[in-house]
Amino acid sequence: MIQFNNLHQETPYLFLKEKYDEAVDAGQKGTEAISISSYNKEISEVDSRYVNLKFISNDEFIFFSNYDSPKASGFISHDQIAVLVYWPSINVQIRMRAKIKRTTDEFNQNYFFNRSKEKNALAISSNQSKKIDSYSEVIENFNRSLESNDLKKCPEYWGGYSFIPYYFEFWEGHESRLNKREVFEKINGVWKQSFLQP
Ligand SMILES: Cc1cc2nc3c(=O)[nH]c(=O)nc-3n(C[C@H](O)[C@H](O)[C@H](O)COP(=O)(O)O)c2cc1C
């Protein structure tokens, strides 16, 4: 589930919340899974991965990850991302474009402090996306971290990312194929609404 805090009252945010509620009511699982695409210009690669969106706080979308991971290098190299959501239960796709940045150390520490010790042991012990000889080594590293680390202290290589979309496209599928595509684009601080052909 996504936690909404003091949601921004502008149209695309209200529209997103309306669609989210419809998806949850329709029994949609995994509503918090969003795909983040990034571009790493140092290696000329585009990549995508799912993350769990934890909060939409006012106008900021927040998820957590490893600050030494490939996605983190991508975000440093190029701070623009493309975000994708699809909720099959209501046949709605949401596309977003945004700039991304890290959340503060204080925010990360507060969040980490309140997580389960298992989640924290994994965050501490995993060199995310680095190669390892076997899966059993992953389990050993995790167990060692569970026994020996301070599991309330957020490591400097783990924390949140925040992005504020400047572009939303809501795609609503219809059996007739007369799919509805509605765009909200922020231009000079003002949301401009338009429709796209299906
Ligand atoms: C549904 C789903 C949710 C995920 N949530 C997260 C997440 O919140 N944070 C994270 O770092 N990885 C998450 N992952 C794993 C990422 O997709 C990815 O494997 C990992 O972050 C490494 O990505 P990178 O090599 O591009 O940095 C999730 C995977 C799935 C399938």
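Read the numbers this way: they start at 1 and go in the same order the structure lists the ligands and their atoms. Keep in mind it's a predicted model, so treat the numbers as computed, not measured.
The two residues L146 and L151 come nearest to each other via the heavy atoms O-CD1, 3.7 Å. Between F142 and E118, the closest heavy-atom pair is CE1-O, 3.3 Å.
By the definition of a contact as any protein heavy atom under 4.0 Å away, atom 19 (O) of ligand 1 is not in contact.
Close approach of ligand 1 to S65 (heavy-atom distance below 4.0 Å) involves ligand atoms 10 (C), 11 (O).
For Y161 and F61, the distance between ring centers is not under 6.0 angstrom. Ring pair Y67/W158: centre-to-centre distance not below 6.0 Å.
At a heavy-atom distance under 4.0 Å, no atom of F63 approaches ligand 1. When non-hydrogen atoms are compared, ligand 1 lies under 4.0 Å from the side chain of S129 (C-beta onward) but not from its backbone. At a 4.0 Å heavy-atom cut-off, ligand 1 does not touch K54 at all.
Taking only nitrogen or oxygen atoms, main chain and side chain alike, Y50 reaches within less than 3.5 Å of ligand 1. Residue A33 places no N or O, backbone or side chain, under 3.5 Å from any N or O of ligand 1.
The pair E172-R181 fails the salt-bridge criterion, with no side-chain N (NZ, NE, NH1 or NH2) lying under 4.0 Å from an Asp/Glu carboxylate O. For the pair K186 and E10, the salt-bridge criterion is met [side-chain N within less than 4.0 Å of a carboxylate O].
Closest to atom 9 (N) of ligand 1 among all protein heavy atoms lies F64 O, 2.8 Å.
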